[in-house]
Every structure is written in C-alpha cells, then in structure tokens.
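Indexing begins at 1, ligand by ligand and atom by atom, following the structure's order.
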Amino acid sequence: MKIIQKLALAAGVSALLSSAAYADGLSGKTIGFSQIGSESGWRAAETSVTKSEAEKLGINLKFADAQQKQENQIKAIRGFIAQGVDAILVAPVVSTGWEEVLTEAKEANIPVVLLDRGVDAPEDLYLTSVASDQVKEGRVAGEWLVKSVDGADCKVVELQGTVGSSPAINRKQGFEEALEGHANLSLIRSQTGDFTRSKGKEVMEGFLKAEDGGKNICAVYAHNDDMAVGAIQAIKDAGLKPGTDIKVLSIDAVPDIFAAMVTGEANATVELTPNMAGPAFEALDAYLSAGTIPEKFIITDSKLYTPSDDPQGEYDRRKGLGY
Ligand code: AHR
C-alpha cells in the first residue's frame with residue numbers, strides 16, 4: 001500500500017481551533033458523523049472540535065454516537081445514506097466488517113471520510129482517511145523507553161486499546177518494533193483496557209497483583225492517556241510511585257496526562273491531534289466543489305512530550321478545548 005504522508009497540522013494545538021479559510025463551499029451542506037462514543041478525553045475533544053469546525057463552516061452536522069458498537073455505526077451510516085446527506089464522516093470502532101456499508105455509500109455517490117482509525121476494506125470505498133501513523137506512535141513511545149532505561153533491565157506491561165481497533169493493533173506493533181533487539185526490555189503482560197480510565201485502572205490492578213505488588217514492573221505502556229491515568233491511580237493505591245517506581249508512557253497528549261507530568265507521575269506521551277475534522281472538511285470541500293481527489297491518507301503529526309516540555313503550559317493550552 002502506498003502511503004502518501006501529509007502533515008495535516010503544522011503547529012499542533014495552536015491550529016486546533018483556527019478558522020478554516022477554505023470551505024465556503026461546505027456552507028449549507030449536510031454531513032453525517034458516526035462517532036464511536038465517548039470512551040476517552042481525546043474522543044470528547046474530537047467530537048467537540050468536529051462540531052465547532054462544522055458550525056464555523058455553516059455545515060449541518062448530523063451526529064450519531066455509536067456507544068462503542070459497530071452495529072450502531074452501520075445503522076447510522078445507512079440512515080445517513082437514506083437521508084441523502086452530502087458526505088459521511090466515520091470514526092470506525094474496529095477495523096473489519098465495513099465493506100458492505102461502505103459499498104452502499106459508494107453506490108449512493110456519497111463520499112466517506114474515515115477519521116482517526118483505519119479499516120480493512122478496499123481503498124476505493126472511501127474518499128480519504130485522516131488519521132495518525134499509529135505504528136509510528138507506538139514506535140515513538142517504545143524508542144523513548146529504550147533510551148530512558150539506557151540498557152538497564154526493564155519489564156513492561158501493556159494496556160491495549162479496544163480489541164480489533166486499528167490503534168490497538170498498530171500501536172502494539174510499533175512499540176514491539178522499537179523494543180526489538182533490546183534484550184534488556186521485555187513485554188511481560190498485555191491486556192485490553194478498552195481505552196477507558198476505569199478499565200485501565202482495573203487491568204493495572206491485576207498486573208500489580210500478579211507481579212509481586214508491582215515490584216517486577218519497570219514501566220507501563222498504555223495505548224491512550226486515559227488508561228495511563230487509571231494505571232497511575234492503581235499504582236498509587238498499591239503504595240508505589242507512578243513515574244518513579246513504575247514509568248508511565250502513553251499516547252494522546254490530553255490535559256490530564258500533562259497534569260500527571262507536573263506532579264512527576266507520568267513520563268511520556270505522544271500527541272494525537274483531536275482536529276481530524278479540519279483536514280476532512282478541507283478535503284470534502286475541494287472534492288464536492290471541484291471534484292479534486294485528496295491524498296488517500298492524510299497523516300497527522302505524532303510529537304513526543306516529556307516532563308521537559310513545559311507540561312503546565314501544555315495543560316493550560318489544552319484544558320479549554322473540549323477534552
Ligand atoms: O482512535 C484514537 C484513539 O481512540 C485515541 O487514542 C483514544 O484515546 C481513543 O479512544
């Protein structure tokens with residue numbers, strides 16, 4: 001597969017709520033948005049940024065919350081098709097099982113844009129996909145850990161995202177790639193925490209119990225910040241110091257992980273912009289108004305943040321943005 005990389009946002013959060021100068025053409029258009037749910041702070045921010053970008057552009061956004069269920073997403077997409085919307089945005093909860101409904105949208109001549117997660121389906125069934133390079137996110141986190149332990153032995157536990165979702169699959173792969181060839185680092189336990197804070201805490205409690213109260217664990221790698229925040233609580237409840245006794249690394253860069261960095265309880269996060277809608281609306285505007293076909297994959301940036309990157313400032317910059 002040929003991936004044409006494009007940095008959708010040059011300056012991360014500063015661009016988050018910038019007005020788009022493009023899309024006069026989307027004013028008055030009706031766009032359906034099938035969102036996964038509200039499992040994480042990042043997801044809440046993506047929803048809120050999408051709604052506010054749509055409002056700025058005069059788009060009539062029809063929002064459907066799938067409550068983490070693919071069947072609800074398929075139902076919502078079929079509803080959008082029946083209403084004859086101008087375009088559909090979908091954040092696919094899992095990567096398989098989309099071919100039929102995407103074919104229905106294609107046959108109805110309704111362009112579909114994938115947001116933040118990928119699908120295992122032929123590429124001609126969607127106009128474009130706006131997402132991060134999720135393998136890279138895992139690799140960036142893993143490379144940070146390799147550097148940070150500097151050759152010392154380190155047993156790692158992993159909190160995976162939703163089973164079957166593209167970020168869970170790809171962030172695991174990227175992390176494991178980074179650890180390859182470093183015999184001092186071993187992944188000793190890995191389980192899904194479903195991208196939620198409560199499940200992250202619960203699974204981490206199990207890991208701590210199984211690993212001598214946590215004495216055997218050197219680091220926890222969580223596929224998102226919410227699970228990391230849950231894990232931090234579990235580590236504290238077990239009488240250990242998160243960030244010191246057990247390193248905490250994750251993905252998203254939500255305000256709460258920066259708050260944890262300020263108190264020394266988190267060590268690294270990889271930013272995922274919640275502004276997937278900006279590039280999506282830009283691509284749709286060009287397509288609907290001039291027939292311009294966008295790049296198939298619009299890849300957002302994956303910047304690493306650690307406590308040396310002004311976590312208080314990052315927290316302040318993000319806290320009003322819908323997380
Ligand atoms: O698909 C993006 C992931 O989904 C985010 O990293 C996570 O927080 C969310 O729930």
Peer 1: Taking the six-membered ring of Tyr305, is the NZ or CZ of Lys303 close enough (under 6.0 Å from the centre) and on axis enough (within 45°)?
Peer 2: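 Yes; both conditions hold, so Lys303 lies above the ring face of Tyr305.
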Peer 1: Keeping Arg318 on the side-chain end and Ala253 on the backbone end, is there a donor-acceptor pair under 3.5 Å?
Peer 2: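 Present.
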Peer 1: Within the 3.5 Å criterion, strictly below it, is a donor on Arg197 or Gln233 matched to an acceptor on the partner's side chain?
Peer 2: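 Looking only at side-chain atoms, Gln233 and Arg197 do not form any donor-acceptor pair under 3.5 Å.
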Peer 1: Counting non-hydrogen protein atoms only, what is the nearest one to atom 2 (C) of ligand 1? Give residue, atom name and distance.
Peer 2: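 Its nearest protein heavy-atom neighbour is Asp116 OD1, 3.4 Å.
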Peer 1: Which distance, rounded to the nearest 0.5 Å, do you find between the CD of Gln191 and the CG of Leu159?
Peer 2: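 If I round to the nearest 0.5 Å, the distance is 8.5 Å.
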Peer 1: May I ask you to check if Lys296 and Tyr126 form a cation-pi contact, with NZ or CZ under 6.0 angstrom from the six-membered ring centre and within 45° of the axis?
Peer 2: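 Positive - Lys296 is close enough to the ring of Tyr126 and near enough to its axis.
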Peer 1: Any atoms of ligand 1 less than 4.0 Å from a non-hydrogen atom of Arg117? List them with their elements.
Peer 2: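 Answer, ordered by atom number: 1 (O), 3 (C), 4 (O), 9 (C), 10 (O).
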Peer 1: Using only heavy-atom distances, determine whether the side chains of Thr30 and Gln83 contain a donor-acceptor pair under 3.5 Å.
Peer 2: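 Distance-only check fails for Thr30 and Gln83.
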Peer 1: Between the candidates Asn224, Asp252, Leu115, which shows the shortest non-hydrogen contact distance to atom 6 (O) of ligand 1?
Peer 2: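 The option holding the nearest heavy atom is Asp252.
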Peer 1: Closest non-hydrogen protein atom to atom 9 (C) of ligand 1, residue and atom name please, with distance?
Peer 2: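 The answer is Glu39 OE2, 3.3 Å.
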Peer 1: So if I count the atoms of ligand 1 from 1 in the order they appear, which ones are less than 4.0 Å from some heavy atom of Arg171?
Peer 2: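 Those of ligand 1 that fall under 4.0 Å from Arg171 are 5 (C), 6 (O).
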Peer 1: Under a plain distance cut-off of 3.5 Å, with no hydrogens placed, do Thr96 and Asp120 share a side-chain donor-acceptor pair?
Peer 2: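 Short answer, no.
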Peer 1: Under 4.0 Å, counting heavy atoms only: does Glu137 come that close to any atom of ligand 1?
Peer 2: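 No, that is not the case, since the closest heavy atom of the residue is not under 4.0 Å from the ligand.
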Peer 1: Out of all atoms in ligand 1, which are within 4.0 Å of some heavy atom of Pro167? Include the element for each.
Peer 2: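 Near Pro167, meaning under 4.0 Å from one of its heavy atoms, ligand 1 has 1 (O).
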Peer 1: Just to be sure I read this right, does ligand 1 sit under 4.0 Å from the backbone of Asp226, its side chain, both, or neither, counting only heavy atoms?
Peer 2: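 Neither; no heavy atom under 4.0 Å.
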Peer 1: Which of the numbered atoms in ligand 1 are under 4.0 angstrom from any heavy atom belonging to Ser40?
Peer 2: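 Counting from 1, the qualifying ligand atoms are 7 (C), 8 (O), 9 (C), 10 (O).
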